[in-house]
Student: 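Questions regarding the structure given below will be posed in turn.
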Number of protein chains: 2
Amino acid sequence: MTERDESLQQADRFARAREAQSMALLEDYVELVSDLLAEHGEARIADIASRMGVAQPTATKAVARLKREGLATARPYRGVFLTDEGAALADRVRARHRTVVALLIAVGVPEETAELDAEGIEHHVSDRTLAAFEQFLKGR
Amino acid sequence: MTERDESLQQADRFARAREAQSMALLEDYVELVSDLLAEHGEARIADIASRMGVAQPTATKAVARLKREGLATARPYRGVFLTDEGAALADRVRARHRTVVALLIAVGVPEETAELDAEGIEHHVSDRTLAAFEQFLKGR
DNA sequence: GTGTATTTATAGCCTTGGCTATACCTGATA
DNA sequence: TATCAGGTATAGCCAAGGCTATAAATACAC
């Protein structure tokens with residue numbers, strides 16, 4: 001492979017990582033809304049904000065983006081709900097999170113640290129890598 | 001633990017992930033500058049831009065931020081160089097990247113996928129997790 | 001049913017990290 | 001050495017994701 005090709009490939013990797021990053025917040029919010037709906041039967045803006053550790057207008061903005069992306073529905077002053085697509089995404093994200101935490105623990109990471117790091121790591125775990133993690137966990 | 005405590009803890013995790021993210025680009029640029037210096041003896045803005053897959057002014061801006069953070073030095077129309085701190089960071093980042101790739105491969109991730117995913121994952125791997133990875137790789 | 005407290009929305013600001021277009025150096029060549 | 005091509009900087013734009021302050025709507029208590 002020429003040096004130029006390597007450079008292009010590296011640029012692609014960075015582009016991919018940037019794109020994953022733009023999905024990450026969306027995923028976090030969707031999962032959180034799903035959690036709140038399961039726990040309390042509703043997802044209020046105030047709860048979303050406090051669980052995400054952001055100010056309330058930030059949560060409002062994020063929900064607007066979820067709506068724009070077709071992942072959630074919300075009427076003013078009412079709670080937030082997930083579309084089918086949003087709910088499916090939430091399930092995938094939750095499963096991936098659990099797998100990442102389990103993998104980290106399996107290779108010797110302390111449980112608390114695993115939870116902390118998984119929050120950032122999970123968004124960059126591709127389907128192939130996720131499959132490998134599951135295989136590894138199964139085969140122990 | 002009360003529900004409120006759990007919520008606070010979760011908010012902290014998100015805050016941590018957000019902070020890690022703000023370091024990630026800095027780390028990528030520092031490592032790239034280090035690579036270019038090693039390969040070509042100099043790090044030109046144009047090369048940085050093409051390897052990062054961004055437009056040239058974006059690279060210029062990033063270098064300005066590196067300077068602001070005390071990681072690099074640069075004079076207009078001259079190349080970019082790393083401070084001692086920047087060079088040390090580059091070394092740590094490079095080592096961490098290698099360890100993450102190695103760990104992914106060790107648990108069964110295909111090599112190419114490992115390289116792809118590591119680019120995003122590495123920035124969220126804490127020192128504790130890194131240590132666990134190294135331990136795991138050694139003990140096989 | 002009125003008034004107040006709480007919750008949500010809106011306005012407006014900041015920084016980061018992208019971009020394009022354009023101006024400005026610098027170095028190589030004729 | 002004058003010119004010009006290429007590399008770099010600057011200006012100015014955008015979207016995302018934070019924030020505070022404030023307006024508006026809802027819900028609850030009396």
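All chains are named by letter (A, B, ...) in the order of the sequence lines, taking the proteins before the strands, and each is independently numbered beginning at 1.
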Student: State which of C/dA11, C/dT8, C/dT16 makes the closest approach to the side chain of A/Pro57.
Tutor: C/dA11
Student: Do any N or O atoms from the side chain of A/Ser34 and from the backbone of A/Val30 form a donor-acceptor pair under 3.5 angstrom?
Tutor: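 No; zero donor-acceptor contacts below 3.5 Å.
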Student: Rounded to the nearest Å, what distance is computed from the CD1 atom of residue B/Ile48 to the P atom of nucleotide C/dG17?
Tutor: 15 Å
Student: Expressed in angstrom and rounded to an integer, what is the separation of A/Asp47 atom CG from C/dT6 atom P?
Tutor: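 Rounding to the nearest Å, CG of A/Asp47 and P of C/dT6 are 15 Å apart.
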Student: Please tell me if B/Arg44 has a side-chain N or O lying less than 4.0 Å from either OP1 or OP2 of D/dT8.
Tutor: yes
Student: Closest to the B/Tyr77 side chain: C/dG18, C/dC25, C/dG27?
Tutor: C/dC25
Student: Output yes when a side-chain donor or acceptor of B/Ser22 lies under 3.5 Å from a complementary backbone atom of B/Arg18, and no otherwise.
Tutor: no
Student: Are B/Val101 and B/Phe136 connected in a single hydrophobic cluster, I mean Ile/Leu/Val/Met/Phe/Trp/Tyr linked by side-chain heavy atoms less than 4.5 Å apart?
Tutor: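 Cluster IDs for B/Phe136 and B/Val101 differ.
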Student: Does A/Ala55 reach a base, just sugar-phosphate, or nothing at all? Heavy atoms under 4.0 Å.
Tutor: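 Here A/Ala55 touches the bases of the nucleic acid.
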Student: Please report, rounded to the nearest Å, how far the P atom of D/dC19 is from the CE atom of A/Met52.
Tutor: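 One finds 10 Å between P of D/dC19 and CE of A/Met52, rounded.
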Student: Closer to the 5' end of DNA chain C via nearest nucleotide, is it A/Ile45 or A/Arg18?
Tutor: A/Ile45
Student: Rounded to whole Å, how long is the line connecting atom CD of B/Gln21 with atom C1' of D/dG18?
Tutor: 14 Å
Student: Which residue is it: A/Glu122, A/Glu31, A/Glu27? I am looking for the one with a side-chain hydrogen bond (donor to acceptor under 3.5 Å, both in side chains) to A/Arg96.
Tutor: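 Of the listed residues A/Glu122, A/Glu31, A/Glu27, the side-chain hydrogen bond (donor to acceptor under 3.5 Å, both in side chains) partner of A/Arg96 is A/Glu27.
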Student: Identify the two heavy atoms, one from B/Ala62 and one from B/Tyr29, that lie closest to each other, and give their separation to 0.1 Å.
Tutor: CB-CZ, 3.4 Å
Student: Grab the NZ-P distance between A/Lys61 and C/dG12 for me, whole Å please.
Tutor: 13 Å
Student: If we ignore hydrogens and angles and just use 3.5 Å, is the side chain of B/Thr83 paired with the main-chain N or O of B/Gly70 as donor and acceptor?
Tutor: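 At least one qualifying donor-acceptor pair exists.
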Student: Taking only nitrogen or oxygen atoms into account, show me every contact under 3.5 Å that the protein makes with nucleotides 1-5 of chain D, one pair per line with its distance.
Tutor:
none

Student: Verify the contact: side-chain N or O of B/Thr60 to OP1 or OP2 of D/dT8, cut-off strictly under 4.0 Å; return yes or no.
Tutor: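 Indeed not, no polar side-chain atom of B/Thr60 lies that close.
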Student: If I take atom CG in residue A/Leu25 and atom P in nucleotide D/dA15, what distance separates them, rounded to the nearest angstrom?
Tutor: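 A/Leu25 atom CG is separated from D/dA15 atom P by 18 Å.
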Student: Between B/Glu42 (CD) and C/dT26 (P), how many Å, whole number?
Tutor: 15 Å
Student: Between B/Arg75 and C/dC25, is there a side-chain N or O to OP1/OP2 distance below 4.0 Å?
Tutor: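 B/Arg75 to C/dC25 OP1/OP2: no side-chain N or O under 4.0 Å.
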Student: Looking at the side chain of A/Gln56, which of D/dG17, C/dA9, D/dA9 is the nearest nucleotide?
Tutor: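 Taking heavy atoms from C-beta onward, the closest nucleotide is C/dA9.
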Student: Can you tell me if the side-chain N/O atoms of B/Arg65 get under 4.0 Å from OP1 or OP2 in C/dG17?
Tutor: yes
Student: Does the side chain to side chain contact (heavy atoms under 4.5 Å, CB included) test come out yes or no for B/Arg128 and A/Val109, once each step is laid out?
Tutor: CA-CA 7 Å; B/Arg128 287 185 88 87; A/Val109 177; 5.9 Å; no
Student: Could you say whether A/Pro76 or A/Tyr29 is positioned toward the 5' end of DNA chain D, judged by the nucleotide with the nearest heavy atom to each?
Tutor: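 The answer here is A/Tyr29.
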Student: Would you mind reading off the distance between B/Glu27 atom CD and C/dG17 atom P, rounded to a whole angstrom?
Tutor: 12 Å
Student: Return no unless some side-chain N or O of B/Thr58 is found under 4.0 Å from OP1 or OP2 of C/dC19.
Tutor: yes
Student: Measuring from atom CG of B/Asp47 to atom CE of B/Met52, what distance do you get when rounded to the nearest 0.5 angstrom?
Tutor: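 B/Asp47 atom CG to B/Met52 atom CE measures 13.5 Å (nearest 0.5 Å).
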Student: Can you identify which nucleotide, out of C/dC13, C/dG17, C/dG27, has its nearest atom closest to the B/Arg78 side chain?
Tutor: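 Taking heavy atoms from C-beta onward, the closest nucleotide is C/dG27.
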